[in-house]
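Take a look at the structure set out below.
Note that this is a predicted model, so its numbers are computed, not measured.
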Amino acid sequence: MPAKRSASPAPPPRPEGEAATTTPPPPATATAAASTAAATAEASEPPAFKVPARPPGLQKSIIALHAALGIALVFWCVLGQSMLSPVPEGKFMKRDGTFIDINDFDPVELGPFPKCHPHFEEHQTKAENGTMIWVKNHVVGSAGPFPVGHPENPEWVEKSHKAALEDNKTLLTTWAGIQPNLHLLSLVLICVYLGSLHGVWLWTEDIEHREPGQLLQHEDAAWFPVMGSCTLFGLFLVLKYLGTEYVKLLISAGVVFLCMFGIGSNMEHLYAVFRKKVSQPLFVIPYFDEPVTAVELVGMIIGSGMAVGFMFTKSWIINNVFGCSFCLLGIKMIGLSNWKTGAIMLVGLFFYDVFWVFGSKSVFGSNVMVSVAQGIEAPIKLQFPRRMGGCGVLQHSMLGLGDIVVPGIFIAFLAKWDAVKIADKKANGFVYLHSVMVAYFFSLVTTVGVMFVFNAAQPALLYIVPYVLITSIIVAVARGEMKELWTYTISDEKAPTPPEEAKKNE
């Protein structure tokens, strides 16, 4: 047991009238040693984090990109709607343009019954007494057998696959095949580029007026695939075993409700860029302590009108507006603490995407990712019209919002790193941002190309992650900044608490 240290004896009392003595200064050698120790400790500590100055020309770029996104949305909406042509009631239009009576629909020739057929999502099977009865498709187990009229009927799957491969050979060189891919590339690239630059704008705002976002650390990035898997599989189970129209409606309503607030936030962010000034809140939402500005309130009202329209029509146009709004908000407001956190996130979600697209069918009997994407009619994906279906409804290609937001968050971090280099006068522009955007473009082209060749859903992150991650490393190595990029960390700054708030919290 260590010995107790005894208290120091009290100094003798000073006689009255005696002057107080001052402590003599320490020797010069002691002063020098203390100074050296302080300097060493200061040098060993990392420099305090400081947000760089806002890059010049950022305001014009953000406004121009918002205009470009709006023009792209309108252009593709008009073009998509122009594909529609009337189909007489009670008729079905075959791929060659001829019409047949809907009751003459042959599932052997044409596949599963379409939405306009009275027996949509059903097939005929023989009962125990020998009569033919109608049965819901989901009643058949994952092991089958899958009769005629079921989407997984092996004869139909093989026939439709061969027909699609033949169609793809001609579509690659025609406007009908190129159009949906240009639609995809234009919307996605503008969203990621705009979200990254706008993220820099918000990040370089004065700390007193900066809107707090979410800054991801290593632990958060590592949990992304786990939480994503739980959410995805949970939705799959709900749709499979509780997949009534009411459940689907409830899920759609929840997603659309969140998108309504996103419209308001994005409108406020754009208005603040125009004014170069953050608006004062009109009121604060009780319990959530969330301030709402006048512009944000107007945006929410517009968003609520769009939400009602979507719930009644399931319009692909409103879906894409909500989807783009969600992507912009996610890329702007979710940040990475450093490059390593982004790499952990991308690599983890790389394996997540590959498993749930390629590996889930062998484990769970269905492609979980595709089942959820097609089963939920909500703005969780962007839709790109390809052609008109036999019932007079557009058929779409689609891209999940995660394939936009996840790489977008990483690219937005590189845009912030560019801002640091611009402020230090070590770069004249967004070198990393532009380089990785080019890589992201080629990753999307690769994804679309593989889909055409194999006529199968692809995990987009399988191609996006290597392109984006490797390109960022190549640029850093070429510029001799890999060590700096590796160690650079953004801290979670907090605005100073006003005196009034401090008194309330005491």
Taking the six-membered ring for Trp, are Trp316 and His396 parallel (under 30°), tilted (30 to 60°) or perpendicular (over 60°)? tilted
Would you say CH2 of Trp134 has more than 12 non-hydrogen atoms from neighbouring residues, nucleotides or ligands within 6.0 angstrom? yes
Greater than 12 external heavy atoms within 6.0 Å of Asp101's CG: yes
State whether the number of non-hydrogen atoms from other residues, nucleotides or ligands found under 6.0 Å of Lys340 atom NZ is greater than 12. yes
Using a strict cut-off of less than 4.0 Å between a Lys/Arg side-chain nitrogen and an Asp/Glu carboxylate oxygen, indicate whether Lys159 and Glu155 qualify as a salt bridge. no
Could you grab the distance from atom CD1 of Ile376 to atom CD1 of Ile251, nearest 0.5 Å is fine? 4.5 Å
Aromatic ring centroids of Phe236 and Trp356 under 6.0 Å? no
So, are Lys115 and Glu121 salt-bridged, with charged N and O less than 4.0 Å apart? no
Validate the cation-pi geometry between Lys314 and Phe312: distance from NZ or CZ to the six-membered ring centre under 6.0 Å, angle to the ring axis within 45°. no
Flag, side chain of Ser360 to backbone of Val368, donor-acceptor distance under 3.5 Å: yes
Give me the ring orientation class for Phe355 and Phe364: parallel if the planes are under 30° apart, tilted from 30 to 60°, perpendicular past 60°. perpendicular
Side-chain touch Leu69/Cys191, heavy atoms, less than 4.5 angstrom: yes
Answer whether the closest heavy-atom distance between the side chains of Tyr467 and Thr446 falls below 4.5 Å. yes
Counting only heavy atoms not in Tyr432 (residues, nucleotides, ligands), do more than 12 fall under 6.0 Å from its OH? yes
So, using side-chain contact (heavy atoms from CB on, under 4.5 Å) as the criterion, who are the partners of Val295 when residues are at least two apart? Met267, Glu268, Tyr271, Thr293
Is Ser229 close to Tyr352 at the side-chain level, that is, under 4.5 Å between some pair of heavy atoms? yes
Quick one, Glu122 and Phe113 - any side-chain contact, counting heavy atoms below 4.5 Å? no
For Phe442, does the CZ atom sit with more than 12 other heavy atoms under 6.0 Å from it, leaving out its own atoms? no
Would Glu211 and His269 satisfy side-chain hydrogen bond (donor to acceptor under 3.5 Å, both in side chains), going step by step from the backbone distance to the final call? CA-CA 10 Å; Glu211 184 175 353; His269 290 164; 2.6 Å; yes
Does the side chain of Thr131 come within less than 4.5 Å of Ile133's, by heavy atoms? yes
Given 3.5 Å as the limit, does a donor-acceptor pair link the side chain of Asn320 with the main chain of Gln383, or not? yes
Partner of His434 by ring-ring contact (aromatic ring centres under 6.0 Å, His included), out of Tyr440, Tyr193, Phe441: Tyr193
Is any NZ, NE, NH1 or NH2 atom of the basic residue among Asp403 and Lys381 found under 4.0 Å from an Asp or Glu carboxylate oxygen of the other? no
Report yes if the side chains of Met300 and Ile263 come closer than 4.5 Å at any heavy-atom pair, otherwise no. no
Looking at residues at least two apart in the chain, or sitting in another chain, which of them share a side-chain contact (heavy atoms from CB on, under 4.5 Å) with Cys116? Phe92, Ile102, Pro114, Cys391
Once the angle between the rings of His150 and His123 is folded into 0 to 90°, is it parallel (under 30°), tilted (30 to 60°) or perpendicular (over 60°)? perpendicular
Heavy atoms of other groups near Met227 CE, more than 12 under 6.0 Å: no
When rounded to the nearest 0.5 Å, the distance separating CG of Asn266 from CG of Leu270 is 8.5 Å
Kindly give the heavy-atom pair with the smallest separation between Ile411 and Ser196, and that separation in Å. CG2-OG, 3.6 Å
With a 4.5 Å cut-off on side-chain heavy atoms, are Val453 and Leu165 touching? no
Would you say that Leu433 contacts Leu197 through its side chain, given a criterion of any heavy-atom pair below 4.5 Å between the two side chains? yes
